[in-house]
A.B. asks: 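Have a look at the structure that comes next, please.
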Amino acid sequence: MISRIDLRGDALPEGAALRDLLPRAEFDVEAALETVRPICEDVRHRGSAAVIEWGEKFDGVRISSVRVPAEALTKALEELDPAVRAALEESIRRARLVHREQRRTTHTTQVVPGGTVTEKWVPVERVGLYVPGGRSVYPSSVVMNVVPAQEAGVEGVAVASPPQKDFDGLPHPTILAACALLGVDEVYAAGGAQAVAMFAYGTEDCAPVNLVTGPGNIYVAAAKRLLKGRIGIDAEAGPTEIAILADATADPVHVAADLISQAEHDPMAAAVLVTDSEELAAATEAELVPQVAATKHVKDRIEPALAGRQSAIVLVSSVEDGLKVVDAYGAEHLEIQTADAAAVADRVRNAGAIFVGPWAPVSLGDYCAGSNHVLPTGGCACHSSGLSVQSFLRGIHIVDYSRDALAEVTHHVVTLAEAEDLPAHGAALKARFGWKVPQQ
């Protein structure tokens with residue numbers, strides 16, 4: 001059901017050599033660029049008509065308007081299962097607690113008497129938040145995108161999610177209800193590359209945005225890459241992944257359940273166990289069989305995900321070597337199920353989010369930990385972070401110098417400008433002092 005990679009014995013390689021030994025899904029965004037380019041160009045030139053036509057082609061439903069009417073949002077919330085509403089409200093409450101603490105404050109540094117630099121944090125003006133709607137329904141992704149944007153102080157928040165044939169071309173009602181709970185009334189029935197292009201270029205129905213965030217399929221990722229620069233993006237989210245670093249103290253029932261929990265997302269989802277315990281590896285393999293048989297989405301998602309090249313049990317000689325492996329892998333979600341898990345987790349450098357010990361499974365983070373589940377995939381945790389309030393803020397430096405403070409440093413500026421053969425830079429200061437360098 002799941003393959004093994006044995007890295008015991010010889011010293012582990014480092015850097016790219018180690019990464020090349022680890023399982024990873026094939027996710028060729030570059031190849032998808034040529035597919036999404038004409039879609040994006042069409043939306044750029046024809047606006048909402050193009051969004052509607054591409055939606056009909058890919059989602060199988062023809063809609064009359066891209067904008068979701070306000071009454072549809074109200075109706076979705078009124079008809080929402082009370083238990084689902086209560087769960088969403090708790091998810092929102094916890095997410096607000098965490099993300100509110102991420103707010104940045106303006107800070108002023110006095111560099112010299114009369115010379116200050118202030119860093120001011122300003123939210124982007126308008127964002128487009130993408131919520132997938134393919135194999136599963138993700139109202140939780142509404143929460144994870146909207147809450148940090150709102151806590152950052154973003155004024156314009158728009159959500160797009162694919163039109164659903166079963167709901168008369170509207171996004172899934174649970175997604176609409178989540179938007180209504182969060183006070184978001186600008187929602188569009190648009191998916192895939194056409195939704196990203198709509199946000200980037202704007203249409204007669206949707207004003208352009210400054211930033212697009214949220215997970216999606218390979219075509220959403222390709223459209224983000226294509227349009228980056230015109231818009232800011234959070235990341236090119238690929239297939240979801242879980243890595244578990246575990247030793248003999250871990251419970252194989254928990255480990256197997258957590259591997260399956262991410263495998264059920266997609267046949268390309270990655271489930272990786274890194275362990276120094278042969279006994280845990282064997283017990284986890286055995287435990288996967290009945291647990292997989294007892295759940296849903298087995299043939300179309302879980303079995304191909306676990307059997308794919310992106311998933312494996314990686315055997316290492318020690319937890320120390322396991323740390324090297326998970327750092328090289330840079331998982332979207334990393335669980336630490338070892339003795340003294342908190343201390344081990346503290347040593348991890350590369351992960352989108354870390355889940356410590358047996359009582360913090362990834363599923364908790366997906367919904368109600370308070371953390372954000374929009375995280376870097378495909379090893380990008382080595383250089384990128386998950387979605388947060390910071391994602392929606394820009395730091396602006398404000399430089400304020402008096403005449404005396406400028407005079408005191410002019411000779412240094414002139415010297416450096418001349419060293420770089422940019423004399424006009426120095427002249428811009430000398431012009432303020434009668435075309436001379438002030439005497440020190």
Side-chain angles (χ1 to χ4, degrees), residues 5 7-8 11-25 98-99 101-102 144 234-235 237-252 254-259 261-262 269-277 280-281 284 310-366 369-388 390-391:
I5 298 173
L7 298 181
R8 293 173 295 183
L12 289 174
E14 297 182 357
L18 179 53
R19 288 194 294 273
D20 289 344
L21 296 176
L22 303 179
R24 186 72 75 188
V98 172
H99 290 83
E101 292 295 319
Q102 297 172 354
M144 299 297 171
D234 53 342
T240 190
E241 55 200 26
I242 180 174
I244 303 174
L245 176 58
D247 61 14
T249 66
D251 187 331
H254 297 176
V255 173
D258 293 350
L259 293 173
S261 73
Q262 295 305 298
V272 178
L273 168 62
V274 180
T275 183
D276 64 344
S277 170
L280 177 67
T284 300
Q310 71 272 21
S311 299
I313 295 175
V314 181
L315 289 161
V316 292
S317 298
S318 63
V319 171
E320 188 70 25
D321 279 355
L323 276 167
K324 294 177 183 177
V325 168
V326 297
D327 268 340
Y329 185 72
E332 176 189 19
H333 310 97
L334 174 63
E335 291 186 357
I336 306 295
Q337 298 196 34
T338 64
D340 202 3
V344 173
D346 193 51
R347 297 178 60 198
V348 174
R349 294 182 62 87
N350 301 325
I354 304 171
F355 300 83
V356 182
W359 309 115
V362 168
S363 298
L364 173 66
D366 282 341
S371 57
N372 204 291
H373 79 200
V374 182
L375 301 167
T377 63
C380 292
C382 295
H383 54 72
S384 299
S385 304
L387 201 66
S388 69
Q390 178 62 31
S391 306

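Note that this is a predicted model, so its numbers are computed, not measured. Only this structure's heavy atoms are used, side chains among them; waters, hydrogens and symmetry mates stay out.
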A.B. asks: Using every non-hydrogen atom in the two residues, find where D247 and A339 come nearest and quote the distance to one decimal.
C.D. replies: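 Smallest interatomic distance, heavy atoms only, reads OD2-N, 3.0 Å.
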A.B. asks: Taking all non-hydrogen atoms of both residues into account, name the closest pair between A351 and L334 and its distance.
C.D. replies: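 Taking A351 first and L334 second, the nearest heavy atoms are CB-CB, 4.0 Å.
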A.B. asks: Which pair of non-hydrogen atoms, one from D258 and one from Q337, has the smallest distance, and what is that distance?
C.D. replies: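 Closest heavy-atom pair between D258 and Q337: OD2-NE2, 3.3 Å.
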A.B. asks: Tell me whether Q262 contacts the main-chain N or O of A271 through its side chain, where contact means a donor paired with an acceptor under 3.5 Å.
C.D. replies: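 No: the side chain of Q262 does not pair with the backbone of A271.
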A.B. asks: Would you compute the distance between atom CD1 of I336 and atom CG of D346 and round it to the nearest 0.5 angstrom?
C.D. replies: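 Here the interatomic distance stands at 10.5 Å.
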A.B. asks: Find out whether D251 and P358 are in side-chain contact, i.e. whether some heavy atom of one side chain is under 4.5 Å from a heavy atom of the other.
C.D. replies: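 They are not in side-chain contact.
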A.B. asks: Could you measure the distance from the OG atom of S388 to the CE atom of M144? Nearest 0.5 Å is fine.
C.D. replies: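 One gets 13.0 Å once the value is rounded to the nearest 0.5 Å.
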A.B. asks: Taking all atoms of both residues into account, what is the closest heavy-atom pair of I242 and V362, and its distance?
C.D. replies: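 Between these two residues, the closest heavy atoms are CD1-CG2, 3.7 Å.
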A.B. asks: Does any part of the side chain of L323, heavy atoms only, come nearer than 4.5 Å to the side chain of L245, both counted from C-beta?
C.D. replies: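 Touching, per the 4.5 Å side-chain cut-off.
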A.B. asks: Between the main-chain N or O of I354 and the side-chain N or O of H333, is there a donor-acceptor pair closer than 3.5 Å?
C.D. replies: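 Here the side-chain-to-backbone pair does not exist.
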A.B. asks: Once you round to the nearest 0.5 Å, how far does CG of D366 lie from OG of S371?
C.D. replies: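 OG of S371 is found 8.5 Å from CG of D366.
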A.B. asks: Should L22 and L7 be marked as a side chain to side chain contact (heavy atoms under 4.5 Å, CB included) after you check the CA-CA gap, both sets of side-chain angles, and the distance that decides it?
C.D. replies: CA-CA 10 Å; L22 303 179; L7 298 181; 4.2 Å; yes
A.B. asks: Locate the shortest heavy-atom distance separating S311 from P23; write the atom from each residue and the value.
C.D. replies: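 That would be N-CB, 4.0 Å.
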A.B. asks: Could you give the distance from CD1 (I313) to OG (S277), rounded to the nearest 0.5 Å?
C.D. replies: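 Spacing of CD1 (I313) from OG (S277) equals 10.5 Å.
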A.B. asks: Determine yes or no for a side-chain-to-main-chain donor-acceptor pair under 3.5 angstrom, with T275 supplying the side chain and A246 the backbone.
C.D. replies: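 The answer is yes, because a donor-acceptor pair under 3.5 Å joins these two groups.
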A.B. asks: Taking all non-hydrogen atoms of both residues, which atom of G330 and which atom of C382 are closest, and how far apart?
C.D. replies: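 So the two residues come closest at CA-SG, 4.4 Å.
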A.B. asks: For G378, is there any backbone N or O sitting under 3.5 Å from a side-chain donor or acceptor partner on E241?
C.D. replies: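 Such a contact is found between E241 side chain and G378 backbone.
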A.B. asks: Does the pair V255 and E335 meet the rule for a side chain to side chain contact (heavy atoms under 4.5 Å, CB included), with working shown?
C.D. replies: CA-CA 9 Å; V255 173; E335 291 186 357; over 6 Å; no
A.B. asks: Which residue pairs satisfy the side-chain hydrogen bond (donor to acceptor under 3.5 Å, both in side chains) criterion with at least one member in residues 313-330, sequence neighbours excluded?
C.D. replies: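 For residues 313-330, and leaving out neighbouring residues, the side-chain hydrogen bond (donor to acceptor under 3.5 Å, both in side chains) pairs sorted by first residue read E320-R347.
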